[in-house]
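Reading through the structure tokens given below for one structure.
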Amino acid sequence: MYQNNDFADILKNRRSIRVYDENSKISQEEMQAILADAVRAPSSVNMQPWRFVVVESEAGKEKLRPLIRFNTRQNDTSSAMIIIFGDLNSFDNGEKIYGTAVEKGLMPQEVKDQQMAALGNYYASTPKEELRRVALIDGGLVAMQLMLVARAYGYDTNPIGGFERAETAAAFDMDPERYEPVMIVSIGKAKEAGYESVRLAPEDIARFE
């Protein structure tokens with residue numbers, strides 16, 4: 001049984017929304033707060049490869065519209081379209097992440113030095129396809145957390161995987177060779193309730209050994 005009834009309600013009431021209240025806006029300050037909570041999601045060796053482009057202006061949405069031709073209702077009515085990318089060069093931030101952990105007393109200096117040396121070798125020798133796989137997994141984790149956080153803030157979301165990936169990266173000045181598009185999450189206040197959907201029961205999808 002859930003210990004936190006609020007979280008139970010978030011899970012129970014979360015639906016994918018395709019039509020939003022066009023008059024509902026999210027301030028950049030509140031969006032920053034939502035993202036700050038979302039990025040507490042886990043990531044491989046804490047490299048946090050996720051990068052976000054928050055498309056909220058009319059000009060930005062007009063640029064995005066032809067690249068998501070099967071999801072234009074979300075684009076046209078949402079408060080924002082959050083494009084999530086995975087940074088294949090995320091280790092570039094390793095020194096900043098681990099160095100800050102040392103400064104805050106969360107990690108001993110010697111552990112940081114050992115980790116950075118080992119991870120430097122790993123990232124230098126790992127094929128790009130494996131880095132892409134990791135970025136997609138970590139991007140999926142932060143996307144789900146973003147949707148749950150948005151619901152806790154009183155907003156609705158819809159995850160979108162159908163869009164022109166390479167073109168979207170280039171359109172928003174994200175190097176397609178470095179930044180792997182993961183998905184787009186639309187966010188705003190629902191104008192339509194959305195539909196309930198069927199989920200397979202645990203006995204249909206899991207086994208115990």
Side-chain angles (χ1 to χ4, degrees), residues 10 14-18 20 25-57 59-94 96-97 123 128-153 155-188 190:
I10 288 172
R14 199 205 72 77
R15 298 181 183 178
S16 292
I17 300 301
R18 289 168 174 76
Y20 298 86
K25 306 298 180 184
I26 301 175
S27 69
Q28 291 192 2
E29 291 76 16
E30 187 173 25
M31 185 66 77
Q32 292 278 17
I34 289 171
L35 292 175
D37 286 341
V39 298
R40 297 186 69 83
S43 64
S44 179
V45 296
N46 197 31
M47 279 303 111
Q48 307 166 46
W50 39 69
R51 302 292 179 265
F52 306 93
V53 175
V54 181
V55 183
E56 58 178 5
S57 68
K61 286 191 170 186
E62 190 63 29
K63 188 191 303 184
L64 183 59
R65 197 174 198 277
L67 304 174
I68 53 164
R69 58 184 182 276
F70 300 114
N71 297 282
T72 54
R73 288 183 298 171
Q74 295 96 312
N75 184 67
D76 296 347
T77 62
S78 66
S79 300
M81 301 286 280
I82 305 174
I83 312 173
I84 303 174
F85 295 91
D87 183 1
L88 304 188
N89 294 353
S90 60
F91 186 64
D92 287 356
N93 285 315
K96 179 178 182 179
I97 293 168
Y123 279 95
K128 190 172 184 179
E129 196 53 43
E130 176 62 13
L131 296 177
R132 180 176 288 109
R133 185 186 71 84
V134 171
L136 289 172
I137 291 172
D138 289 349
L141 288 170
V142 81
M144 188 69 253
Q145 180 126 323
L146 171 61
M147 289 186 282
L148 293 174
V149 168
R151 192 75 191 104
Y153 275 76
Y155 296 107
D156 302 285
T157 57
N158 179 220
I160 298 169
F163 60 99
E164 304 298 332
R165 295 174 177 275
E167 291 87 340
T168 297
F172 290 91
D173 300 319
M174 302 293 283
D175 180 2
E177 292 299 313
R178 173 172 180 172
Y179 298 101
E180 180 71 18
V182 178
M183 69 175 68
I184 299 173
V185 175
S186 60
I187 182 172

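- Heavy atoms only, all atoms of each residue included: Ala171 and Leu67 are closest at CB-CD1, 3.9 Å.
- Contact between Ser43 and Pro49 at its shortest, heavy atoms only, is CB-CD, 3.9 Å.
- Side-chain atoms of Asn71 come within 3.5 Å of backbone N or O of Gly162 as a donor-acceptor pair.
- The two residues Gly139 and Ile84 make their nearest non-hydrogen contact at O-CG2, 4.4 Å.
- When side chains are defined from C-beta on, Asn93 does not count as touching Gln48, because their heavy atoms never get closer than 4.5 Å.
- Checked by atom type and distance alone, the side chain of Asp156 pairs as donor or acceptor with a backbone atom of Ala190 at under 3.5 Å.
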Evaluation steps, side chain to side chain contact (heavy atoms under 4.5 Å, CB included), between Phe52 and Ile83: CA-CA 6 Å; Phe52 306 93; Ile83 312 173; over 6 Å; no
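- Using a 30° and 60° split on the angle between ring planes, Phe91 and Tyr123 fall in the parallel class, below 30°.
- The shortest heavy-atom contact between Ala150 and Ile187 is CB-CD1, 3.7 Å.
- Between Glu62 and Arg65, none of the side-chain N atoms (NZ, or NE/NH1/NH2) sits under 4.0 Å from a carboxylate O, so this pair counts as no salt bridge.
- Contact check on Arg178 versus Asp92 returns a salt bridge, with a Lys/Arg side-chain nitrogen under 4.0 Å from an Asp/Glu carboxylate oxygen.
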Step-by-step side chain to side chain contact (heavy atoms under 4.5 Å, CB included) determination, Met81 to Glu56: CA-CA 7 Å; Met81 301 286 280; Glu56 58 178 5; over 6 Å; no
Derivation of the side chain to side chain contact (heavy atoms under 4.5 Å, CB included) call for Thr168 and Val53: CA-CA 11 Å; Thr168 297; Val53 175; over 6 Å; no
Stepwise side chain to side chain donor-acceptor pair (under 3.5 Å) test for Ser79 and Tyr20: CA-CA 8 Å; Ser79 300; Tyr20 298 86; over 6 Å; no
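- In this structure, Phe85 and Asp87 have side chains that are not in contact, with every pair of non-hydrogen atoms separated by 4.5 Å or more.
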Test log, rule salt bridge (charged side-chain N to carboxylate O under 4.0 Å, His left out), inputs Asp76 and Lys61: CA-CA 7 Å; Asp76 296 347; Lys61 286 191 170 186; over 6 Å; no
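- Considering all non-hydrogen atoms of both residues, Ala80 and Val54 come closest at CB-CG1, 3.9 Å.
- Between Val182 and Trp50, every side-chain heavy-atom pair lies at or beyond the 4.5 Å cut-off.
- One N or O on the side chain of Lys128 and one on the backbone of Glu177 form a donor-acceptor pair closer than 3.5 Å.
- Here the side chains of Ile82 and Thr157 are not in contact, with every heavy-atom distance at 4.5 Å or above.
- At distances below 3.5 Å, at least one donor-acceptor pair connects side-chain atoms of Asp138 with backbone N or O atoms of Ser44.
- A cation-pi contact, defined as under 6.0 Å to the ring centre and within 45° of the axis, links Arg165 to Phe163.
- Of all heavy-atom pairs spanning Ala38 and Val142, the tightest one is O-CG2, 3.6 Å.
- The side-chain heavy atoms of Met147 and Pro159, taken from C-beta on, include a pair separated by under 4.5 Å.
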